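Keep in mind that what you see is a predicted model, and the values were worked out from it rather than measured. These values consider heavy atoms only, across backbone and side chains, with no hydrogens, waters or symmetry-generated copies. As the structure lists them, so they are numbered: ligands from 1, and atoms in each ligand from 1.
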Amino acid sequence: MDSILVQGGGPLNGQIPIAGAKNACLTLMPATLLSEEPLTLTNAPRLSDIKTMTELLRSLGSEVATMQDGKTLAMSCHGEINTRAEYDIVRKMRASNLVLGPLLAREGVAEVSLPGGCAIGARPMDIHTDGLTLMGADIELRDGYLHAKAQGGRLKGAVIDFPFASVGATENIMMAATLAKGTTVINNAAREPEIVDLADCLRKMGAQIDGDGTSTITIQGVDRLGGATHPVVTDRIELGTYMLAPAFCGGEVECLGGRMDLLTAFCEKLDEAGIEVTETDKGLKVKRRTDEIKAINITTEPFPGFPTDLQAQMMAVLCTANGTSVLEEKIFENRFMHAPELVRMGANIDVAGGTATVTGVNKLKGAPVMATDLRASISLILAGLAAEGETKVSRVYHLDRGYEKVVRKLQAVGAQIERISE
Ligand code: EPZ
C-alpha cells in the first residue's frame, strides 16, 4: 500500500488547477442509461471512483470510452441492458446506487445491491426508495439487493416530500422522473451545484426540468431522451480543500477554475477566520490577512450551508487557530475520524457526539497517521504541510478516490510532499 510523506515547511505560492467535480461526474455518468444516444462528458476528473462507476456501467451494458488522457468520457447505452448492479462493484462506492433511478426509468426493472455501510455513517436509502415507491415502483429488499419493478412497466409522476434534502435521492428521483408518465415534484430537494449540473445535462438530452438549485424541482416526463455533450462542473470540494493550503501554511495560491458562487458559506467562514479570497479572471486567489487564523464555529448543512465534505479540512486548519472553535457535524453520524489522528499530531480536540471542540495550539508536530476516509485523508495532508517535521499518511487509496494528482499539484506550489510505495 502507498503512503504519502509530507515535510512541514514554509509558505505555499503559485497556482493549482481544479478538476471537474467527482460528485457531479458520478451522477452524470449513470444518465447515459436514460438514452440510446451517446452521452459525452468533458472535464471529467481522473479518479478511482470514476473508474469504479465505469466498471459498473460497463457491467450493465453501457459502452464507456475514456479519451483526452481520461478527461473525456464517451458513453452510449444502445444494446441489451443488464438491470442487475452486482454487490462486488456497488460495495466499493455508495454512489453506485445512482443507477437505480435510471435503470427503473429505462427498463422498468432494477436489481441494485445495497451499498453497505460506510466509514462515515449508515447511509440508508429510504428517501430514495420511498420516492420511487410513490412513483409506482414496487421495491423489495431481498438478499442484500433492492428488487424494484415499475407497475405497468413505466414510472408515473408524483409529488414527493423529502424528509431531508438528500443529494443522492434528489439525483435518483430527478433522473427517474425524466422518463416517467406525467409530472413529478420534489419538495425539500437538495440544492447542491452538482444537482444543477445534472439538470443542465439532462435538459441538453431533452428532459423538461425546472427549479433545480431551489428546494422544489419539477420534472415533466417525456417519452425518450437524446444524447448530449456536457462539461463536468468544477469540483467545489477540491477547490475548498486547496484554498485551505495557503490559509494553513501562509503564502498565496490561485485556484484555477475556482468560482466563489460554488462555496459562498465556506468563503464567508474563511473571511471570518482572517483569510482573504479574491476573484481573478482565472479563479480564486487565497492568502491569510495576518499570520494568525481566528477561531470560528462551523455547522455543516445541506447546500448552501457549510459543506460536510470540507469539515475535516477546516478542522485541521483550526487546530492552530487563535482561540477555541466548535464544529457541529449535522449531516453524517460518524465524520470525526480525522480528529484522533490530528490529536496524534498535537492537536487539542474534544469530540462529544456530533460536536468537536478544537482549542488552538501553537504548532502541530509531524507524526505517522492513518487515513480513514476520503476527506479525512486530505485533512491529514493539510496538517502535515503546516506541521513541524515529517508526517507519514498511510492508506492513501482513500485519497485516490477524490483527489487527482494531489502530490504533483501541491509540489507545484512548493510543498515538500512525495508518494512512496511500501
Ligand atoms: C453525497 O452523498 C456526496 N456523494 C457526499 O460526498 C456528500 O457528503 C453528501 O452528498 C452530502 O453533501 C456523492 O455525491 C457521490 P445524502 P449522499 O443522501 O447522496 C442520510 C464525498 O466525500 N440519508 O445527502 O449519499 C445519510 O445517511 C462524499 O465526496 C438517509 O437517511 O448524501 C446522511 O446522513 C461523502 N436516507 C445524510 O442523509 C437516504 O435515503 C446525507 O445523505 C439518503 C440519505
Could you give the side-chain donor-acceptor pairs of residues 178-185 under 3.5 Å, partners two or more places apart or in another chain?
from, atom 1, to, atom 2, distance (Å)
Thr178, OG1, Met175, O, 2.6
Thr183, OG1, Gln220, OE1, 2.4
Thr184, OG1, Ala158, N, 3.4

Have a look at His147 and tell me which of Glu140, Arg142, Arg84 forms a side chain to side chain donor-acceptor pair (under 3.5 Å) with it.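 Passing option: Arg142.
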Using a 4.0 angstrom limit on heavy atoms, which residues are close to ligand 1?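 Only Lys22, Asn23, Arg94, Ala95, Ile120, Arg123, Pro124, Met125, Asp126, Ile127, His128, Phe164, Ser166, Val167, Gly168, Thr308, Asp309, Ile331, Phe332, Arg335, Leu374, Arg375 have heavy atoms that fall under 4.0 Å of ligand 1, ordered by chain and number.
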Which residues share a side chain to side chain contact (heavy atoms under 4.5 Å, CB included) with Ala386, sequence neighbours left out: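 With neighbours one apart ignored, the set is Phe248, Cys249.
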Of all residues at least two apart in sequence or in a different chain, which pass the side-chain hydrogen bond (donor to acceptor under 3.5 Å, both in side chains) check with Gln411? none
Should Lys392 and Glu422 be marked as a salt bridge (Lys or Arg N to Asp or Glu O under 4.0 Å) after you check the CA-CA gap, both sets of side-chain angles, and the distance that decides it? CA-CA 12 Å; Lys392 179 177 174 184; Glu422 293 178 298; 2.5 Å; yes
Going by an N to O cut-off under 4.0 Å, is there a salt bridge joining Lys22 and Asp309? no
